[in-house]
Amino acid sequence: MSPAPVPSVGARIRQARLERGLGLRALAREVGVSASLVSQIETGKSQPSVSTLYAITTALGISVESLFEVRETAAAARSATVVHALAAFAADPGRRIGPLVTPGERDVLELDSGVVWERLGHVPGTDVDFLLVTYRPGGSSSGSGGLMRHAGTEYGYLTSGELVLTLGFDEQVLRPGDAVCFESTTPHRYRNDGDEPAVGVWFVASQPVQ
């Protein structure tokens, strides 16, 4: 059974932006990207990179984990497509939380720059990203090559392939069996320079969102 794709990340970002009364251009300025890119992300014409996703959620004061949650609002209800996706996604909400989540029940986020996140589980009331992460050949957490930083503490364990981690001024090559942990406020970037996917389990515990 194939993993279950989650509703559009863009629709959820737009929902959060509207709830905060923030304009498209204002959000773009805070994130440091063009209003056109934010618009394309919200309409599903473009997927954000990992770094852009973290920048957007930080600017909106929400967690990345919240993008997996279903919350129907009047703004979302105005879009028949979004309503249909939310209804399908909410049909069996218990399966995504656990305690057991089988491969066919994982929620999937397809991001830009060749990165795929699969949620491995979630305990209600916590602000934690528990993910199976895949970096396809040539994939990177930042399409522009820039480093990212965000709230929280990051733990990762690589199960296959190779992944290059730039952490501050240092660069490390992660191989199967290698593990990393660091404060996510340290500028960092992941990239896959190899010919096969780099796959690992990541656990990011975020600071509480005010």
Side-chain angles (χ1 to χ4, degrees), residues 3-90 96 106-119 122 127 129 131 133-136 138-152 184-185 187-192 202 204 206-207 209-210:
V6 302
S8 167
V9 171
R12 293 170 185 236
I13 289 172
R14 181 175 185 273
Q15 177 181 323
R17 177 177 63 78
L18 292 175
E19 288 175 352
R20 285 153 184 76
L22 195 62
L24 194 69
R25 289 183 175 81
L27 176 59
R29 282 195 300 270
E30 288 196 42
V31 175
V33 298
S34 68
S36 173
L37 177 58
V38 174
S39 176
Q40 289 176 356
I41 290 172
E42 289 190 349
T43 57
K45 295 178 181 177
S46 178
Q47 294 297 328
S49 64
V50 175
S51 58
T52 299
L53 184 64
Y54 271 114
I56 288 175
T57 54
T58 298
L60 292 174
I62 61 176
S63 67
V64 170
E65 174 65 29
S66 70
L67 295 178
F68 287 98
E69 304 303 327
V70 176
R71 292 182 301 126
E72 289 193 74
T73 66
R78 284 194 289 269
S79 168
T81 300
V82 173
V83 169
H84 177 74
L86 289 173
F89 186 60
R96 302 182 312 281
R106 296 177 194 149
D107 304 328
V108 180
L109 286 181
E110 291 271 355
L111 301 173
D112 191 25
S113 304
V115 182
V116 180
W117 285 355
E118 298 179 45
R119 185 164 70 161
H122 176 61
D127 188 7
D129 304 321
L131 307 165
V133 178
T134 299
Y135 282 82
R136 297 183 177 122
S140 172
S141 57
S142 173
S144 65
L147 304 184
M148 63 178 176
R149 52 186 299 172
H150 51 91
S184 302
T185 51
H188 60 284
R189 179 184 69 233
Y190 297 100
R191 72 175 191 273
N192 181 1
W202 253 251
V204 182
S206 301
Q207 298 294 332
V209 176
Q210 301 298 322

Trainee: Using the side-chain contact (heavy atoms from CB on, under 4.5 Å) criterion, which residues pair with S51? Sequence neighbours excluded.
Mentor: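 Partners of S51 under the side-chain contact (heavy atoms from CB on, under 4.5 Å) test: S49, S142, M148.
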Trainee: In chain order, what residues pass the salt bridge (charged side-chain N to carboxylate O under 4.0 Å, His left out) check against R136, with sequence neighbours excluded?
Mentor: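 Salt bridge (charged side-chain N to carboxylate O under 4.0 Å, His left out) list for R136, sorted by chain: E110.
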Trainee: To the nearest 0.5 Å, what is the distance between CZ on R25 and OG on S34?
Mentor: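 Going from the CZ atom of R25 to the OG atom of S34 covers 10.5 Å.
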Trainee: Which atom names give the shortest non-hydrogen contact between L37 and S46, and what distance separates them?
Mentor: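 What the structure gives for the nearest pair is CD1-OG, 4.0 Å.
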Trainee: When you compare the side chain of V50 with that of W117, does any pair of heavy atoms fall below 4.5 Å?
Mentor: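 They are in side-chain contact.
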Trainee: So do the side chains of H150 and H188 get within less than 4.5 Å of each other, counting heavy atoms only?
Mentor: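 Yes, their side chains come closer than 4.5 Å.
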Trainee: Over all heavy atoms of both residues, which pair between S140 and Y135 is shortest? Give the atoms and the distance, please.
Mentor: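 So the minimum-distance heavy-atom pair works out to C-CE2, 3.8 Å.
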Trainee: Indicate the atoms forming the closest heavy-atom contact of L24 with S39, along with that distance.
Mentor: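 Looking at all heavy atoms of both residues, the shortest contact is CD2-CB, 3.8 Å.
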Trainee: Mind checking whether P48 and D112 have side chains closer than 4.5 Å, heavy atoms only?
Mentor: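 With C-beta onward as the side chain, the pair stays apart.
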Trainee: Taking all atoms of both residues into account, what is the closest heavy-atom pair of Q47 and L111, and its distance?
Mentor: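 Between these two residues, the closest heavy atoms are CB-C, 4.0 Å.
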Trainee: Rounded to the nearest 0.5 Å, what separates atom CD in E30 from atom CD1 in I56?
Mentor: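 So the CD of E30 and the CD1 of I56 are separated by 11.0 Å.
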Trainee: Can you give me the closest heavy-atom contact between L60 and I13, atom names plus distance?
Mentor: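 Heavy-atom minimum between the residues: CD1-O, 3.9 Å.
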Trainee: Looking only at heavy atoms, which two atoms of R17 and G23 are closest? And how far apart?
Mentor: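 Minimum heavy-atom separation between R17 and G23: NH1-C, 3.7 Å.
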Trainee: Tell me, do V204 and Y54 make a side-chain contact under 4.5 Å, heavy atoms counted?
Mentor: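 The answer is yes; the side chains approach within 4.5 Å.
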Trainee: Is the shortest heavy-atom distance from the side chain of V116 to the side chain of V108 under 4.5 Å?
Mentor: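 Side chain of V116 against side chain of V108, heavy atoms only: contact under 4.5 Å found.
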Trainee: Going by heavy atoms in the side chains, are T52 and I41 under 4.5 Å from each other?
Mentor: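 Side-chain contact under 4.5 Å: yes.
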Trainee: If you round to the nearest 0.5 Å, how far is CZ of R12 from CG of L109?
Mentor: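 Separation between the atoms: 8.0 Å.
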Trainee: Roughly how far, to the nearest 0.5 Å, is the CG atom of D129 from the OG atom of S63?
Mentor: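 Nearest 0.5 Å value for the OG-CG distance: 6.5 Å.
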Trainee: Kindly determine whether T134 and V115 satisfy side chain to side chain contact (heavy atoms under 4.5 Å, CB included), including the steps that lead there.
Mentor: CA-CA 6 Å; T134 299; V115 182; over 6 Å; no
